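The block underneath contains the structure these notes are about, expressed in structure tokens.
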There are 2 protein chains.
Amino acid sequence: MDIDSMDLYCFVKVAYQKSITRTAHHLHLTQPALTSRLQKLEAKLGVQLLLRSSKGIKLTEEGSLFLKHAIRILKELNAIETELNKLQEGYNTIKSNH
Amino acid sequence: MDIDSMDLYCFVKVAYQKSITRTAHHLHLTQPALTSRLQKLEAKLGVQLLLRSSKGIKLTEEGSLFLKHAIRILKELNAIETELNKLQEGYNTIKSNH
DNA sequence: TAAAGTTACGTTGCGCGTAAATATC
DNA sequence: GATATTTACGCGCAACGTAACTTTA
């Protein structure tokens, strides 16, 4: 399937902000780049996640389902970083205790 | 950070098989391609995950920690696919019920 | 016509495979 | 020397940005 964490992050942000334009700014991307990313994510999953209109963005049922999982995965990724950092700090503490 | 699911899958496979060569074959990749992927994963995380030797592969402490999270994320990704498929089947059932 | 999203297109960087190098038993 | 991993290098595709297009309120 090959989904990357940036895909998830982009989708979650768009889901919350309900706007591709605004989210693109926040992520330091252009609108077309973000549009393309979201289209490809939907293609990979084989489902439509977003309902686009000139008013903004709404989630489909599949989108809502995906959102829950995406958030869980992003939390898991954060946990990895945190735990790896702790492990590193542990070593440094040992090193500096001589 | 930008980690993709293929990174996780590669790492988990290598962790279990304890060999880059063998895993590369199973994943239909060449050895250098897999090596490069693993190196970049370690670079992204800023930690060493694997201990390489001519005998094969062992996990570092960080590697073991990462493995647990990686497995959890892959399960979560599987769950997404399963649930999305169920949703689609649901629609088809409704459609065919006329 | 303004503000949202999308399509078209050229460029660049990343991931791959082939080939050569290195290390350890 | 056989078997493991790594480095070097060239190529192709995927992701980006700019610019033009489309839609709807």
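Reminder, nothing fancy here: chain letters follow the sequence lines and each chain counts from 1. Keep in mind it's a predicted model, so treat the numbers as computed, not measured.
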Practice prompt. Hey, could you give me the OG/CG distance between B:Ser36 and B:Leu41, rounded to the nearest 0.5 Å?
Written response: 11.0 Å

Discussion item. Please give me every residue in residues 10-17 of chain A whose heavy atoms get under 4.0 Å of an atom in DNA chain D, ordered by residue number.
Written reply: none

Fill in: Shortest non-hydrogen contact between B:Phe11 and B:Leu59, atoms and distance
CZ-CD2, 3.9 Å

Fill in: OP1 or OP2 of D:dA4 under 4.0 Å from side-chain N/O of B:Thr21
no

Fill in: Between OG1 on residue B:Thr23 and NZ on residue B:Lys13, distance to nearest 0.5 Å
7.5 Å

Fill in: Nearest-Å distance for atom pair CG/P, residues A:Leu41 and D:dA15
11 Å

Item to complete: Would you kindly give the CE-to-C1' distance between B:Met6 and C:dC16, to the nearest whole Å?
Response: 12 Å

Fill in: Heavy-atom closest pair, residues B:Ser5 and A:Asp2
OG-CA, 3.1 Å

Tabulated below should be each protein N or O lying under 3.5 Å from an N or O of nucleotides 12-15 of chain C; please produce it.
unit_1, atom_1, unit_2, atom_2, d
C:dG15, OP2, B:Lys40, NZ, 3.2

Worksheet entry | Rounded distance (Å) that lies between atom P of D:dA14 and atom CG of B:Asp2 | 16 Å

Worksheet item: What heavy-atom pair brings B:Leu34 and B:Ala24 nearest, and what distance separates the two atoms?
Response: CD2-N, 3.5 Å

Worksheet item: Which atoms form the tightest heavy-atom contact between B:Lys18 and B:Ala15, and what is the distance?
Response: NZ-O, 3.3 Å

Practice prompt. Consider only side-chain heavy atoms of I, L, V, M, F, W and Y, link residues closer than 4.5 Å, and tell whether B:Leu51 and B:Val12 are in one cluster.
Written response: no

Worksheet entry | For the student: nearest non-hydrogen atoms of A:Leu50 and A:Gln48, plus distance | O-NE2, 2.9 Å

Practice prompt. Grab the CG-C1' distance between A:Leu38 and D:dC16 for me, whole Å please.
Written response: 14 Å

Fill in: Gap between atoms CG and C1', on A:Leu29 and D:dT18 respectively (whole Å)
14 Å

Fill in: Protein-nucleotide distance (B:His25, atom NE2; D:dT3, atom C1'), rounded to Å
12 Å

Item to complete: Starting at the 5' end of nucleotides 18-25 of chain C, put B wherever the base has a protein heavy atom under 4.0 Å, S where only the sugar-phosphate does, and a dash everywhere else.
Response: BB----SS

Worksheet item: C:dG17 P sits how many Å from B:Leu27 CG, rounded?
Response: 11 Å

Fill in: Point-to-point distance, once rounded to the nearest 0.5 Å, from CD1 of A:Ile20 to CZ of A:Arg37
13.5 Å

Worksheet item: Is the shortest side-chain N/O distance from B:Arg52 to OP1 or OP2 of D:dT6 below 4.0 Å?
Response: yes

Worksheet item: Which whole-number value in Å describes the distance from A:Gln39 CD to C:dG5 P?
Response: 12 Å

Practice prompt. State the CD-CZ distance between B:Gln39 and B:Arg52, to the nearest 0.5 angstrom.
Written response: 6.0 Å

Item to complete: For residues A:Thr60 and A:Gly63, report the shortest heavy-atom separation together with the two atoms involved.
Response: OG1-N, 2.9 Å

